[in-house]
Amino acid sequence: MAFSYMPGFGNDFETETLPGSLPQGRNSPQRPAYGLYAEQLSGSPFTAPRGTNERSWLYRIRPSVRHTGRFKPASYPLWKSAPNLGDHELALGQYRWNPVPMPKEPTDFIAGMRSITTAGDVLGQTGMAAHVYVANRSMVDDHFFNADGELLVVPQIGSLRLVTEMGVIELRPGEIAVLPRGLVFKVELVDETVRGYVCENYGAKLTLPDRGPIGANCLANPRDFKTPCAWFEEKETPCRLIVKWCGQFHVTELDHSPLDVVAWHGNYSPYKYDLATFSPVGAILFDHPDPSIFTVLTAPSGEEGTANIDFVIFPPRWLVAENTFRPPWYHRNIMSEFMGLIHGQYDAKEEGFVPGGISLHNLMLAHGPDASGFEKASRAELKPVKLDNTMAFMFETRFPQMLTRYAAEVETRQDNYIDCWADLKKRFNGTPEGDWS
(Lines give C-alpha, C1' and ligand atoms only; values in the text may rest on other atoms or scores of the structure.)
Protein backbone atom coordinates (compact mmCIF):
# COMPACT_ATOMS: atom_id res chain seq x y z
CA MET A 1 0.00 0.00 0.00
CA ALA A 2 1.27 3.51 -0.85
CA PHE A 3 0.77 6.03 1.93
CA SER A 4 0.18 9.74 1.29
CA TYR A 5 1.59 12.81 3.02
CA MET A 6 0.77 16.50 3.38
CA PRO A 7 3.65 19.02 3.12
CA GLY A 8 4.51 21.76 5.59
CA PHE A 9 5.72 22.31 9.14
CA GLY A 10 3.22 23.24 11.86
CA ASN A 11 0.38 23.62 9.38
CA ASP A 12 -3.27 23.22 10.29
CA PHE A 13 -3.99 20.05 8.33
CA GLU A 14 -7.24 18.27 7.52
CA THR A 15 -7.58 14.75 6.16
CA GLU A 16 -10.26 12.05 5.91
CA THR A 17 -10.36 8.43 4.75
CA LEU A 18 -14.11 8.29 4.04
CA PRO A 19 -15.98 11.06 2.20
CA GLY A 20 -17.76 13.37 4.61
CA SER A 21 -16.18 11.85 7.73
CA LEU A 22 -14.49 15.17 8.60
CA PRO A 23 -17.02 17.71 9.93
CA GLN A 24 -17.02 21.15 8.33
CA GLY A 25 -17.80 24.39 10.16
CA ARG A 26 -17.67 22.86 13.64
CA ASN A 27 -15.43 20.56 15.65
CA SER A 28 -17.95 18.56 17.65
CA PRO A 29 -21.29 17.97 15.91
CA GLN A 30 -24.07 16.38 17.88
CA ARG A 31 -23.92 13.25 15.74
CA PRO A 32 -20.71 12.93 13.70
CA ALA A 33 -20.99 11.16 10.36
CA TYR A 34 -20.52 7.38 10.23
CA GLY A 35 -21.31 7.15 13.95
CA LEU A 36 -17.82 8.38 14.85
CA TYR A 37 -16.74 10.00 18.11
CA ALA A 38 -15.19 13.47 18.20
CA GLU A 39 -12.15 13.80 20.45
CA GLN A 40 -9.49 16.48 20.97
CA LEU A 41 -5.79 15.69 21.45
CA SER A 42 -4.02 18.68 23.03
CA GLY A 43 -0.26 19.15 22.88
CA SER A 44 -0.25 22.44 24.78
CA PRO A 45 -2.23 24.11 27.57
CA PHE A 46 -5.56 25.48 26.39
CA THR A 47 -4.42 29.07 26.94
CA ALA A 48 -0.99 28.83 25.28
CA PRO A 49 -0.28 31.70 22.85
CA ARG A 50 -1.59 31.13 19.34
CA GLY A 51 1.92 30.51 17.98
CA THR A 52 2.51 27.60 20.37
CA ASN A 53 -1.07 26.39 20.85
CA GLU A 54 -1.31 22.88 19.42
CA ARG A 55 -4.28 20.57 19.21
CA SER A 56 -5.97 18.24 16.77
CA TRP A 57 -9.53 16.96 16.50
CA LEU A 58 -9.83 13.23 15.86
CA TYR A 59 -12.93 11.45 14.55
CA ARG A 60 -12.66 7.83 15.58
CA ILE A 61 -14.59 4.59 15.81
CA ARG A 62 -14.25 4.44 19.61
CA PRO A 63 -13.17 7.27 21.93
CA SER A 64 -9.84 6.84 23.69
CA VAL A 65 -11.57 6.10 26.99
CA ARG A 66 -12.46 2.77 25.36
CA HIS A 67 -8.81 2.20 24.40
CA THR A 68 -7.76 1.74 28.03
CA GLY A 69 -8.87 -0.62 30.73
CA ARG A 70 -7.33 -1.46 34.07
CA PHE A 71 -3.60 -0.98 33.88
CA LYS A 72 -0.94 -3.31 35.21
CA PRO A 73 2.74 -2.50 35.72
CA ALA A 74 5.04 -3.35 32.83
CA SER A 75 8.82 -3.63 32.84
CA TYR A 76 11.28 -2.27 30.29
CA PRO A 77 14.43 -2.14 32.44
CA LEU A 78 16.77 -0.75 29.78
CA TRP A 79 14.58 2.31 29.06
CA LYS A 80 15.50 4.91 31.70
CA SER A 81 14.18 8.38 32.52
CA ALA A 82 15.76 11.42 34.17
CA PRO A 83 16.81 11.90 36.85
CA ASN A 84 18.77 8.65 36.74
CA LEU A 85 21.64 9.26 39.16
CA GLY A 86 24.05 6.89 40.85
CA ASP A 87 23.29 4.18 38.32
CA HIS A 88 26.94 3.12 37.81
CA GLU A 89 30.47 3.70 39.07
CA LEU A 90 32.17 4.83 35.85
CA ALA A 91 34.21 8.01 36.38
CA LEU A 92 33.71 11.27 34.50
CA GLY A 93 35.13 11.43 30.99
CA GLN A 94 34.68 11.73 27.27
CA TYR A 95 33.12 8.54 25.96
CA ARG A 96 32.65 6.71 22.69
CA TRP A 97 30.91 3.46 21.74
CA ASN A 98 30.87 1.06 18.83
CA PRO A 99 27.38 0.18 17.55
CA VAL A 100 24.94 -1.37 20.02
CA PRO A 101 24.71 -5.10 19.19
CA MET A 102 21.61 -6.48 17.53
CA PRO A 103 19.39 -8.68 19.73
CA LYS A 104 19.46 -12.46 19.38
CA GLU A 105 16.01 -13.07 20.88
CA PRO A 106 12.76 -11.71 19.31
CA THR A 107 12.68 -7.99 20.20
CA ASP A 108 10.33 -5.23 19.09
CA PHE A 109 10.92 -1.47 19.01
CA ILE A 110 9.81 -0.84 22.60
CA ALA A 111 11.63 -3.80 24.14
CA GLY A 112 14.69 -2.93 22.05
CA MET A 113 15.13 0.58 23.50
CA ARG A 114 18.55 0.99 25.16
CA SER A 115 18.93 4.25 27.11
CA ILE A 116 22.41 5.76 26.86
CA THR A 117 21.96 9.08 28.68
CA THR A 118 19.30 10.99 30.61
CA ALA A 119 19.23 14.70 31.36
CA GLY A 120 16.97 17.02 33.33
CA ASP A 121 13.77 15.82 35.01
CA VAL A 122 10.94 13.92 33.38
CA LEU A 123 8.52 15.04 36.13
CA GLY A 124 9.43 18.69 35.60
CA GLN A 125 9.10 18.29 31.81
CA THR A 126 12.65 19.51 31.21
CA GLY A 127 15.56 17.81 29.51
CA MET A 128 15.74 14.65 27.45
CA ALA A 129 16.98 11.10 27.15
CA ALA A 130 19.11 9.66 24.34
CA HIS A 131 18.46 6.06 23.33
CA VAL A 132 19.46 3.50 20.74
CA TYR A 133 16.80 1.10 19.47
CA VAL A 134 17.48 -2.37 18.06
CA ALA A 135 14.71 -4.68 16.85
CA ASN A 136 14.04 -7.79 14.82
CA ARG A 137 10.27 -8.11 15.27
CA SER A 138 7.30 -5.95 14.37
CA MET A 139 4.72 -4.78 16.87
CA VAL A 140 1.62 -6.64 15.64
CA ASP A 141 -1.00 -6.30 18.36
CA ASP A 142 1.00 -4.14 20.78
CA HIS A 143 0.62 -0.37 20.73
CA PHE A 144 2.37 2.39 22.68
CA PHE A 145 2.15 6.00 23.71
CA ASN A 146 4.61 8.13 25.62
CA ALA A 147 3.12 10.63 28.06
CA ASP A 148 6.61 11.79 29.06
CA GLY A 149 7.66 13.44 25.82
CA GLU A 150 7.86 13.40 22.05
CA LEU A 151 10.15 10.96 20.26
CA LEU A 152 12.59 11.98 17.53
CA VAL A 153 13.45 8.77 15.62
CA VAL A 154 16.68 8.59 13.58
CA PRO A 155 17.06 5.26 11.69
CA GLN A 156 20.59 4.01 11.03
CA ILE A 157 20.04 0.48 9.69
CA GLY A 158 16.78 -0.77 8.22
CA SER A 159 13.46 0.87 7.35
CA LEU A 160 10.46 1.22 9.66
CA ARG A 161 6.74 1.71 9.26
CA LEU A 162 5.40 3.94 12.04
CA VAL A 163 1.70 3.08 12.18
CA THR A 164 0.10 5.88 14.19
CA GLU A 165 -3.47 6.78 15.05
CA MET A 166 -3.14 9.78 12.71
CA GLY A 167 -1.60 8.00 9.72
CA VAL A 168 1.32 5.87 8.56
CA ILE A 169 4.92 7.06 8.16
CA GLU A 170 7.37 4.97 6.15
CA LEU A 171 10.82 5.81 7.41
CA ARG A 172 14.25 4.85 6.04
CA PRO A 173 17.83 5.72 7.07
CA GLY A 174 18.52 9.30 6.02
CA GLU A 175 15.08 10.40 7.20
CA ILE A 176 13.81 11.32 10.67
CA ALA A 177 10.36 11.27 12.24
CA VAL A 178 8.83 13.02 15.23
CA LEU A 179 6.03 11.33 17.20
CA PRO A 180 4.23 13.80 19.49
CA ARG A 181 3.67 13.23 23.19
CA GLY A 182 0.59 11.07 23.76
CA LEU A 183 0.27 9.77 20.19
CA VAL A 184 -0.64 6.06 19.97
CA PHE A 185 1.49 4.07 17.53
CA LYS A 186 3.11 0.75 16.73
CA VAL A 187 6.32 0.08 14.80
CA GLU A 188 6.46 -2.44 11.97
CA LEU A 189 9.78 -3.53 10.50
CA VAL A 190 10.24 -3.27 6.75
CA ASP A 191 13.65 -4.95 7.02
CA GLU A 192 14.61 -8.00 9.03
CA THR A 193 16.68 -6.09 11.61
CA VAL A 194 16.78 -2.39 12.41
CA ARG A 195 18.84 -0.05 14.52
CA GLY A 196 18.73 3.69 15.12
CA TYR A 197 18.72 6.51 17.62
CA VAL A 198 15.90 8.17 19.57
CA CYS A 199 15.82 11.51 21.35
CA GLU A 200 13.05 11.59 23.96
CA ASN A 201 12.20 15.25 24.49
CA TYR A 202 10.63 15.95 27.89
CA GLY A 203 10.33 19.71 27.27
CA ALA A 204 8.70 22.10 24.82
CA LYS A 205 8.00 20.65 21.37
CA LEU A 206 10.63 20.60 18.68
CA THR A 207 10.24 23.41 16.19
CA LEU A 208 12.20 25.08 13.42
CA PRO A 209 14.99 27.40 14.58
CA ASP A 210 14.85 31.09 13.76
CA ARG A 211 17.12 31.85 10.80
CA GLY A 212 18.10 35.36 11.90
CA PRO A 213 20.34 37.09 9.34
CA ILE A 214 20.21 34.00 7.10
CA GLY A 215 16.76 35.19 6.09
CA ALA A 216 13.80 33.34 4.62
CA ASN A 217 15.53 30.33 3.05
CA CYS A 218 18.06 27.52 3.63
CA LEU A 219 18.49 25.14 6.55
CA ALA A 220 15.35 23.00 6.92
CA ASN A 221 12.57 24.42 4.77
CA PRO A 222 8.99 23.94 6.02
CA ARG A 223 7.70 22.46 2.74
CA ASP A 224 10.01 19.45 3.11
CA PHE A 225 8.30 18.18 6.27
CA LYS A 226 5.64 15.55 5.55
CA THR A 227 2.63 14.71 7.74
CA PRO A 228 0.71 11.50 7.02
CA CYS A 229 -2.82 11.47 5.70
CA ALA A 230 -5.48 9.76 7.79
CA TRP A 231 -5.49 5.95 7.91
CA PHE A 232 -7.33 3.55 10.19
CA GLU A 233 -7.83 -0.10 10.91
CA GLU A 234 -11.03 -1.72 12.15
CA LYS A 235 -9.55 -4.73 13.92
CA GLU A 236 -11.61 -6.59 16.50
CA THR A 237 -8.88 -8.83 17.95
CA PRO A 238 -7.06 -8.82 21.29
CA CYS A 239 -4.50 -6.01 21.51
CA ARG A 240 -2.41 -4.33 24.18
CA LEU A 241 -1.64 -0.68 24.90
CA ILE A 242 1.63 0.11 26.67
CA VAL A 243 2.07 3.54 28.26
CA LYS A 244 5.17 5.32 29.51
CA TRP A 245 4.09 7.78 32.22
CA CYS A 246 6.43 9.64 34.60
CA GLY A 247 9.22 7.21 33.87
CA GLN A 248 7.16 4.09 34.61
CA PHE A 249 5.54 1.62 32.23
CA HIS A 250 1.97 0.34 32.33
CA VAL A 251 -0.02 -2.00 30.09
CA THR A 252 -3.73 -2.57 29.48
CA GLU A 253 -5.60 -5.24 27.51
CA LEU A 254 -7.97 -4.32 24.67
CA ASP A 255 -10.31 -6.34 22.47
CA HIS A 256 -9.72 -4.12 19.43
CA SER A 257 -7.11 -1.91 17.75
CA PRO A 258 -6.80 1.68 19.06
CA LEU A 259 -5.68 2.89 15.60
CA ASP A 260 -9.21 3.83 14.57
CA VAL A 261 -9.09 7.53 13.57
CA VAL A 262 -11.08 7.86 10.36
CA ALA A 263 -10.51 11.62 9.94
CA TRP A 264 -8.69 14.43 11.73
CA HIS A 265 -7.75 18.08 11.51
CA GLY A 266 -5.37 20.28 13.47
CA ASN A 267 -1.73 21.17 14.00
CA TYR A 268 -0.64 18.50 16.52
CA SER A 269 0.53 15.58 14.44
CA PRO A 270 3.44 13.30 13.57
CA TYR A 271 5.76 14.12 10.69
CA LYS A 272 8.88 13.01 8.87
CA TYR A 273 11.75 14.85 7.18
CA ASP A 274 14.35 13.81 4.62
CA LEU A 275 17.77 15.00 5.84
CA ALA A 276 18.96 15.22 2.22
CA THR A 277 16.68 18.26 1.75
CA PHE A 278 18.57 20.26 4.41
CA SER A 279 20.24 23.25 2.72
CA PRO A 280 23.44 23.97 4.67
CA VAL A 281 25.10 27.35 4.91
CA GLY A 282 28.69 27.93 5.95
CA ALA A 283 31.85 30.01 5.78
CA ILE A 284 32.73 31.10 2.24
CA LEU A 285 35.95 32.96 3.08
CA PHE A 286 37.55 32.00 6.40
CA ASP A 287 36.98 30.35 9.81
CA HIS A 288 34.84 27.40 10.85
CA PRO A 289 31.37 28.55 11.95
CA ASP A 290 29.55 27.35 15.06
CA PRO A 291 27.75 24.01 14.64
CA SER A 292 24.46 25.76 15.39
CA ILE A 293 24.23 26.66 11.67
CA PHE A 294 23.40 22.99 11.08
CA THR A 295 20.36 22.95 13.41
CA VAL A 296 17.39 21.12 11.88
CA LEU A 297 15.02 21.31 14.87
CA THR A 298 15.17 22.96 18.27
CA ALA A 299 13.16 22.61 21.47
CA PRO A 300 13.25 25.92 23.35
CA SER A 301 13.78 26.30 27.07
CA GLY A 302 12.68 29.17 29.27
CA GLU A 303 15.93 31.01 28.53
CA GLU A 304 16.19 32.77 25.18
CA GLY A 305 18.88 31.31 22.92
CA THR A 306 19.48 28.29 25.20
CA ALA A 307 17.81 25.16 23.91
CA ASN A 308 16.33 22.32 25.87
CA ILE A 309 17.42 20.29 22.80
CA ASP A 310 19.00 21.09 19.47
CA PHE A 311 18.98 18.44 16.75
CA VAL A 312 21.98 19.21 14.57
CA ILE A 313 23.25 17.35 11.48
CA PHE A 314 26.57 17.34 9.64
CA PRO A 315 25.55 16.61 6.04
CA PRO A 316 27.48 16.53 2.76
CA ARG A 317 28.79 20.02 2.00
CA TRP A 318 31.59 21.98 0.36
CA LEU A 319 34.55 23.31 2.35
CA VAL A 320 36.10 26.40 0.80
CA ALA A 321 37.44 28.51 3.70
CA GLU A 322 40.90 30.01 3.16
CA ASN A 323 43.73 30.02 5.73
CA THR A 324 41.46 28.06 8.05
CA PHE A 325 41.59 24.87 10.08
CA ARG A 326 38.51 23.37 8.46
CA PRO A 327 37.38 20.60 10.85
CA PRO A 328 35.58 21.57 14.08
CA TRP A 329 37.85 23.38 16.48
CA TYR A 330 38.84 22.22 19.95
CA HIS A 331 36.10 23.14 22.31
CA ARG A 332 34.66 23.20 25.81
CA ASN A 333 30.95 23.83 25.89
CA ILE A 334 28.19 24.59 28.39
CA MET A 335 25.94 22.37 26.25
CA SER A 336 26.24 18.56 26.35
CA GLU A 337 26.64 16.73 23.06
CA PHE A 338 25.40 13.22 22.22
CA MET A 339 26.58 12.37 18.72
CA GLY A 340 25.79 9.56 16.30
CA LEU A 341 26.87 8.58 12.80
CA ILE A 342 24.24 7.36 10.35
CA HIS A 343 26.64 6.57 7.52
CA GLY A 344 30.02 7.52 6.12
CA GLN A 345 32.83 9.18 8.04
CA TYR A 346 32.94 12.20 10.35
CA ASP A 347 35.70 14.62 9.35
CA ALA A 348 36.93 15.31 12.89
CA LYS A 349 37.15 11.62 13.84
CA GLU A 350 38.47 9.57 10.94
CA GLU A 351 39.22 6.52 13.07
CA GLY A 352 37.06 4.78 15.66
CA PHE A 353 33.79 6.65 15.11
CA VAL A 354 31.83 4.25 12.92
CA PRO A 355 28.26 4.20 11.55
CA GLY A 356 25.95 3.21 14.36
CA GLY A 357 28.46 4.46 16.93
CA ILE A 358 28.00 7.07 19.65
CA SER A 359 30.13 9.71 21.32
CA LEU A 360 29.33 11.80 24.38
CA HIS A 361 31.05 15.07 25.23
CA ASN A 362 29.45 16.42 28.36
CA LEU A 363 29.22 19.82 29.99
CA MET A 364 32.64 21.59 29.90
CA LEU A 365 34.61 18.47 28.92
CA ALA A 366 37.11 19.26 26.16
CA HIS A 367 36.78 17.65 22.76
CA GLY A 368 37.81 18.13 19.15
CA PRO A 369 39.62 16.46 16.26
CA ASP A 370 41.74 13.41 16.97
CA ALA A 371 45.50 13.60 16.44
CA SER A 372 45.46 12.18 12.91
CA GLY A 373 42.60 14.47 11.89
CA PHE A 374 44.43 17.50 13.28
CA GLU A 375 47.65 16.56 11.48
CA LYS A 376 45.88 16.01 8.18
CA ALA A 377 43.86 19.24 8.32
CA SER A 378 46.85 21.32 9.42
CA ARG A 379 48.84 20.32 6.32
CA ALA A 380 46.07 19.99 3.71
CA GLU A 381 46.04 22.02 0.52
CA LEU A 382 43.18 24.48 1.01
CA LYS A 383 41.40 23.94 -2.27
CA PRO A 384 37.63 23.49 -2.46
CA VAL A 385 36.78 20.03 -1.09
CA LYS A 386 33.41 18.35 -0.90
CA LEU A 387 32.63 16.30 2.19
CA ASP A 388 30.45 13.63 0.65
CA ASN A 389 28.75 10.35 1.60
CA THR A 390 28.46 11.33 5.26
CA MET A 391 25.69 12.04 7.75
CA ALA A 392 26.41 12.61 11.42
CA PHE A 393 24.08 14.22 13.94
CA MET A 394 24.00 15.59 17.46
CA PHE A 395 21.43 15.71 20.25
CA GLU A 396 22.61 18.76 22.19
CA THR A 397 21.08 19.92 25.46
CA ARG A 398 21.61 22.57 28.11
CA PHE A 399 21.60 19.82 30.78
CA PRO A 400 24.41 17.42 31.73
CA GLN A 401 23.75 14.01 30.22
CA MET A 402 24.05 11.26 32.82
CA LEU A 403 25.15 7.82 31.65
CA THR A 404 22.97 4.82 32.32
CA ARG A 405 24.37 1.61 33.76
CA TYR A 406 23.79 -0.04 30.39
CA ALA A 407 25.95 2.56 28.62
CA ALA A 408 28.65 2.41 31.29
CA GLU A 409 28.95 -1.37 31.22
CA VAL A 410 28.12 -2.41 27.63
CA GLU A 411 31.03 -4.17 25.94
CA THR A 412 30.95 -1.79 22.96
CA ARG A 413 32.21 1.17 25.02
CA GLN A 414 35.68 2.14 23.80
CA ASP A 415 37.80 2.30 26.91
CA ASN A 416 40.69 3.79 24.90
CA TYR A 417 38.75 6.69 23.37
CA ILE A 418 40.70 9.25 25.41
CA ASP A 419 43.88 8.07 23.66
CA CYS A 420 42.78 9.56 20.33
CA TRP A 421 44.27 12.87 21.54
CA ALA A 422 47.45 11.40 23.07
CA ASP A 423 49.61 12.15 20.01
CA LEU A 424 48.75 15.86 19.93
CA LYS A 425 52.24 17.15 20.65
CA LYS A 426 53.63 20.43 21.86
CA ARG A 427 54.50 22.64 18.88
CA PHE A 428 55.35 25.80 20.81
CA ASN A 429 59.09 26.62 20.67
CA GLY A 430 59.13 30.39 21.21
CA THR A 431 59.24 31.26 17.51
CA PRO A 432 56.34 32.63 15.46
CA GLU A 433 56.57 29.64 13.13
CA GLY A 434 56.33 27.02 15.88
CA ASP A 435 57.62 23.49 15.51
CA TRP A 436 55.82 21.65 12.69
CA SER A 437 58.49 18.99 12.23
Looking at Met128, Gln401, Met335, which hits side-chain contact (heavy atoms from CB on, under 4.5 Å) with Glu396? Met335
For the pair Phe9 and Thr207, evaluate side-chain contact (heavy atoms from CB on, under 4.5 Å) and give the outcome as yes or no after the intermediate values. CA-CA 8 Å; Phe9 187 89; Thr207 188; 3.7 Å; yes
If the threshold is 4.0 Å, N to carboxylate O, is there a salt bridge linking [X] and [Y]?
{"X": "Glu375", "Y": "Arg427", "value": "yes"}
{"X": "Glu175", "Y": "Lys272", "value": "yes"}
{"X": "Asp287", "Y": "Arg326", "value": "no"}
{"X": "Glu303", "Y": "Arg398", "value": "yes"}

Just checking, is any N or O donor in the side chain of [X] or [Y] under 3.5 Å from an acceptor N or O on the other one?
{"X": "Asn362", "Y": "Ser336", "value": "yes"}
{"X": "His367", "Y": "Asn333", "value": "no"}
{"X": "Asp290", "Y": "Ser292", "value": "no"}
{"X": "Asp87", "Y": "Thr404", "value": "no"}

What's the separation between atom [atom1] in [X] and atom [atom2] in [Y], rounded to the nearest 0.5 Å?
{"X": "Asp141", "Y": "Cys239", "atom1": "CG", "atom2": "SG", "result": "4.5 Å"}
{"X": "Phe185", "Y": "Asn146", "atom1": "CZ", "atom2": "CG", "result": "7.5 Å"}
{"X": "Leu206", "Y": "Leu151", "atom1": "CG", "atom2": "CG", "result": "10.5 Å"}
{"X": "Lys80", "Y": "Met113", "atom1": "NZ", "atom2": "CE", "result": "14.5 Å"}
{"X": "His331", "Y": "Glu337", "atom1": "NE2", "atom2": "CD", "result": "6.5 Å"}
{"X": "Gln40", "Y": "Ser56", "atom1": "CD", "atom2": "OG", "result": "8.5 Å"}

Please confirm whether the ring centroid of [X] lies under 6.0 Å from the ring centroid of [Y].
{"X": "Phe144", "Y": "Phe109", "answer": "no"}
{"X": "Trp79", "Y": "Phe249", "answer": "yes"}
{"X": "Tyr197", "Y": "Phe393", "answer": "yes"}
{"X": "Trp264", "Y": "Tyr268", "answer": "no"}

If you define the side chain from C-beta out and look only at heavy atoms, does anything of [X] sit under 4.5 Å from [Y]?
{"X": "Tyr202", "Y": "Thr126", "result": "no"}
{"X": "Asp108", "Y": "Val187", "result": "no"}
{"X": "Trp57", "Y": "Pro23", "result": "no"}
{"X": "Leu171", "Y": "Val153", "result": "yes"}

Does the plane of the ring in Phe314 sit parallel, tilted or perpendicular to the ring in Tyr346? Use 30° and 60° as the thresholds. tilted
Under 3.5 Å: donor-acceptor pair, side chain of [X], backbone of [Y]:
{"X": "Ser21", "Y": "Ala263", "result": "no"}
{"X": "Gln94", "Y": "Ile418", "result": "no"}
{"X": "Asn53", "Y": "Ala48", "result": "yes"}
{"X": "Asp274", "Y": "Ala276", "result": "yes"}
{"X": "Asn389", "Y": "Gly344", "result": "no"}
{"X": "Arg413", "Y": "Trp97", "result": "no"}
{"X": "Arg223", "Y": "Asn221", "result": "no"}
{"X": "Asn201", "Y": "Glu150", "result": "no"}
{"X": "Ser4", "Y": "Cys229", "result": "no"}

Return yes when atom [atom1] of [X] has more than 12 non-hydrogen atoms of other residues, nucleotides or ligands closer than 6.0 Å, and no otherwise.
{"X": "Arg332", "atom1": "CZ", "answer": "no"}
{"X": "Tyr330", "atom1": "OH", "answer": "yes"}
{"X": "Arg31", "atom1": "CZ", "answer": "no"}
{"X": "Trp245", "atom1": "CH2", "answer": "no"}
{"X": "Arg172", "atom1": "CZ", "answer": "yes"}
{"X": "Asp210", "atom1": "CG", "answer": "no"}
{"X": "Tyr37", "atom1": "OH", "answer": "no"}

Could you go through the side-chain hydrogen bond (donor to acceptor under 3.5 Å, both in side chains) check for Asn267 and Asn11 one step at a time? CA-CA 6 Å; Asn267 62 353; Asn11 291 6; over 6 Å; no
Which atom pair, heavy atoms only, marks the closest approach of [X] to [Y]?
{"X": "Ser138", "Y": "Leu189", "result": "OG-N, 2.8 Å"}
{"X": "Ser115", "Y": "Tyr406", "result": "O-CD2, 4.0 Å"}
{"X": "Ile342", "Y": "Gly174", "result": "CG2-N, 4.4 Å"}
{"X": "Pro280", "Y": "Pro316", "result": "CG-O, 4.1 Å"}
{"X": "Ala204", "Y": "Ala299", "result": "O-CB, 3.2 Å"}
{"X": "Ala230", "Y": "Thr15", "result": "N-OG1, 2.9 Å"}

Begin with the C-alpha distance, continue with both residues' side-chain angles, and end with the deciding distance and a verdict on side-chain hydrogen bond (donor to acceptor under 3.5 Å, both in side chains) for Asn98 and Gln414. CA-CA 7 Å; Asn98 289 326; Gln414 300 177 8; 2.7 Å; yes
Only one of Arg60, Lys186, Arg62 passes salt bridge (Lys or Arg N to Asp or Glu O under 4.0 Å) with Glu165, and that residue is Arg60
Given the rule in the side-chain hydrogen bond (donor to acceptor under 3.5 Å, both in side chains) test, do Thr298 and Asp310 qualify, once you have shown the distances and angles that lead to the verdict? CA-CA 4 Å; Thr298 186; Asp310 282 328; 2.6 Å; yes
By the definition ring-ring contact (aromatic ring centres under 6.0 Å, His included), identify the one residue from Trp421, Trp329, Phe325 that meets it with Phe374. Phe325
Exactly one of Phe13, Tyr273, Tyr5 clears ring-ring contact (aromatic ring centres under 6.0 Å, His included) with Phe225, and that residue is Tyr273
Considering the options Gln125, Arg181, Lys244, which one meets the side chain to side chain donor-acceptor pair (under 3.5 Å) requirement together with Asp148?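 Among Gln125, Arg181, Lys244, the one that satisfies the side chain to side chain donor-acceptor pair (under 3.5 Å) with Asp148 is Lys244.
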Evaluate side-chain hydrogen bond (donor to acceptor under 3.5 Å, both in side chains) for Glu54 paired with Ser42, printing each intermediate quantity in order. CA-CA 6 Å; Glu54 294 182 301; Ser42 294; over 6 Å; no
